[in-house]
Novice: 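The structure is given below, and queries will be raised subsequently.
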Amino acid sequence: MEYLNQLNQSQRMAVEATEGPVMVIAGAGSGKTKVLTNRIAHIINKGVDPFNILALTFTNKAAKEMKGRIEKIINSTESRNIWMGTFHSVFAKILRSEAEKIGYPNNFTIYDTQDAKNLIKAILKEQGLDDKIYKPSLVLNRISAAKNNLISPLAYLNDTTVQNEDTQSAKPKLGLIYQIYCDRCFKAGAMDFDDLLYKTNVLLRDYPKVLEKYQNQFKYILVDEYQDTNFSQYLIIRKLGAANLNICVVGDDSQSIYAFRGANIQNIFNFKNDYSNVKTFKLEQNYRSTQNIVNAANSLIKHNKEKIDKTVFTNNEIGNKIKIYRAGSDNDEGNTIANLIFDTQLTNQAKNHEFAILYRTNAQSRAMEEALRKKNIPYKIHGGLSFYQRKEVKDLLAYFRLVINPKDDEALLRIINYPARGIGDTTLEKIVSVANNHNLSNWEIISNLNKYNVGLNSGTQSKIGDFVLLISGFSNLLQTKNAYDLAHEIAATSGLLKDLYSDRTPEGISRYENIQELLNGIKEFTEEENELEEDITPHGLPEFLQNVALLTDADNEKEEDHNKVSLMTIHASKGLEFPYVYIVGLEENLFPSQLSITNRKDLEEERRLFYVAITRAEKELVFSFASSRYKWGNVTFCEPSRFIDEVDKDFLEFMYSNSTEKQTNNEFEFSRNKYFSKSKEINFSNSKQIKEQTPLQTPQQILPKNLKKIAPSAGISLPMTTELVSGMRISHEKFGNGVIEELEDGKATINFDAAGKKVLLLKFAKLTILN
DNA sequence: GTATTATCTAAGTCT
DNA sequence: TAGATAATAC
């Protein structure tokens, strides 16, 4: 029980109160993860089987890290048996084993947002509805909100309030679209993200035996980031915890930033009323940040009316004031930040990974990326368009999906004519219409063409027949081939590899490489099986796919990304911390977002978002804003964010002449150069020197444009590859030492002492030269 | 039915 | 700016 002595008093109390309902209000940086991990360890040490613990985290990565920490505390690998993960991944797992009960196959597909939107578009077309009025993203939001509040299509149609809302907004058919959408998903054996929670609720509601089983299983339940749970999640917890009532929720109302996806901050406010004899613990001491940062954050959040009373304080050093920079334009802002990072690295001997640039919207990353690239500062983008959303990757994944679940209509439509097979739009329209009339999936039609009168000529029929044979041929291999072999077979035989290979433009090459990377990833996944003797879960293609669907970018981090500056949205930064933090784009209509400034509730959420951003910083914090910014392709002028004014001036240091602020804003249009020169007044001792050192064309600059954007990491680590020659002895983190036998095309064939011959992509392989 | 080009229009945050 | 869609030519 040595670990208990490492905790402060309130932390320790929260850890030791293992029985009954417990709420932990944890201020930013107050050791929330420490409490969670120690609490779970403590429960296990008291004799509880880890299989009886359910812990819901915000990302799968957080779960993995926590398991590691618990393993250290309890000094046993038993920690791996804890049911720990995101709501979505844990309940997807449970749904897979219980799927037949609610009429789904256990190999059900998970539709991502794009699949869902495509389906909605198709429904709109069939119903003759205008997609300018019924914007797919809006429709999907509405459906998502309904599901998160557990409103079924039928309830939706029968709810007069909801119907009035839709009539008012001139979208009376939303209920009908919702209904059709659900039917289509069902017949495709598919669930969207919200279904994973919604269907779990259905399962627990309609099958008391199942509910009982999991109630008995999960004797202890812990929920991290409780302030960001929605009604659907709330109810799952309530039901599962009802038998034992050992429910511990941890959160911080000041960090609730997911209302847009249905999170209900009231869940945390109401916890005391939902359960009797709730023990509440407040963690108020911040161990992360300097006094200046903590106090600045407090002074900001004071402006919110709705919050739980608490006083976050720190005994850390006072630290520097928050510096505020003004830039002339978005590009100028990027350069300013890149220069600051460069200088800070030199003066403080700081590593790249100690820096983070946080922004409100993904679109802001570009200016930052360009500036960092110019200064040769390695960076990684966290979030944004993830690898798995790239077209070519989705295409191959769609083949996998269809092979595993042929009813998956969205996957089928995506690839039936890619690569081109002469099955065009007209043919597909016929098939889809027959499928809808019979309430069957498209696959059921095309695999039984003679049974249904689709009205196709014999040429088209035989093309479709070939496609059916192709897919069912792969399906037959599911039992015999491992994930990698089957994946490779599919990529090759489908013609996808060949199609990508034939495109020798830089973009085409990068697409081909992305497929190679995907296949490499599957290979690694396949080989994991042999590495852990006790790991008995099969590692076939279905298992790989299930893994992939719910991966967040955070779960995907590559080893070679370790020492890089992090770029991410503030939402993605939740739960993370960095010594040096730059919050950029602090402008009205951007942060706070234009869409949020019309009502208090939304504005308060934006303010909490800013609070989250500020509290990521440990040592130093910088704010910046630009006076002009490209939006929709043209320049717009911006005013500094109101949030800057809301932070107490005692903690701020303006790095530009603040006294003329008001006038200069108005003057701006007429004196643009003035501001450009102003930002140059900042003295970057080393920037000039570096510019001259930097070669005109660095390796990353000749990379294909889209690769740079999607996988910036790919470019930055390149220089190393030039140092490699065959015959060289190298070391690889996973495979150990070996000799390079062949170097070609960005790939290396390496003969490892222990692991044997492997072909690795240099771009991704982390090799250390031995000598 | 396919491939190429021209035009449109959309950018808020995420599982 | 870029991805999606429409229009055009083959």
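Labels below follow one simple rule: chain letters A, B, ... track the order of the sequence lines, proteins then strands, and each chain is numbered from 1. Given the structure is predicted, the values throughout are model-derived calculations rather than measurements.
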Novice: A/Y418 and A/D499: side-chain donor and acceptor closer than 3.5 Å?
Specialist: yes

Novice: Nearest to the side chain of A/L595 - B/dG12, B/dT15, B/dA11?
Specialist: B/dG12

Novice: Is the NZ or CZ atom of A/K199 positioned over A/F108's six-membered ring, under 6.0 angstrom from the centre and within 45° of the axis?
Specialist: no

Novice: What integer distance in Å separates A/F260:CZ from B/dA11:P?
Specialist: 15 Å

Novice: Strictly by modelled atom types, are A/N141 and A/S144 linked by a side-chain donor-acceptor pair under 3.5 Å?
Specialist: no

Novice: When all nucleic acid strands are considered with a 4.0 Å heavy-atom cut-off, which category describes A/T113: base, sugar-phosphate, or nothing?
Specialist: base

Novice: How is A/E606 classified with respect to the nucleic acid when contacts are heavy atoms under 4.0 Å: base, sugar-phosphate, or nothing?
Specialist: base

Novice: Nearest to the side chain of A/K121, which nucleotide is it out of C/dT5, B/dG12, B/dC14?
Specialist: C/dT5

Novice: Hey, does the side-chain of A/R360 have a donor or acceptor N/O within less than 3.5 Å of a partner on the base of B/dT13?
Specialist: yes

Novice: Where the side chain of A/A420 is concerned, which of B/dC14, B/dG1, B/dT2 is the nearest nucleotide?
Specialist: B/dT2

Novice: Using a 4.0 Å heavy-atom cut-off, does A/N417 contact any base of the nucleic acid, only the sugar-phosphate backbone, or nothing at all?
Specialist: sugar-phosphate

Novice: From CZ of A/F193 over to P of B/dT15, roughly how many Å is that when rounded to an integer?
Specialist: 8 Å

Novice: What nucleotide, of B/dT13, B/dA3, C/dT1, holds the atom closest to the side chain of A/R366?
Specialist: C/dT1

Novice: Of the options B/dC14, B/dT9, B/dT15, whose atoms approach the side-chain atoms of A/K132 most closely?
Specialist: B/dT9

Novice: Side chain of A/S593 only, please: which of B/dG12, C/dT1, B/dG1 is the nearest?
Specialist: B/dG12

Novice: Which nucleotide wins on minimum distance to the side chain of A/T86, given the candidates B/dC14, C/dA4, B/dT15?
Specialist: B/dT15

Novice: Would you say A/D112 and A/Y388 are linked by a side-chain donor-acceptor pair, where the criterion is simply a distance under 3.5 Å?
Specialist: no

Novice: Reckon A/T427 touches a base, only the sugar-phosphate, or nothing at all at heavy-atom distances under 4.0 Å?
Specialist: sugar-phosphate

Novice: Are A/Y611 and A/Q255 linked by a side-chain donor-acceptor pair shorter than 3.5 Å?
Specialist: no

Novice: Per the atom types in the model, does the base of B/dG12 pair as donor or acceptor with the side chain of A/E605 at under 3.5 Å?
Specialist: no

Novice: Have a look at A/Y258 and say if it touches a base, only the backbone sugar-phosphate, or nothing, with a 4.0 Å heavy-atom cut-off.
Specialist: sugar-phosphate

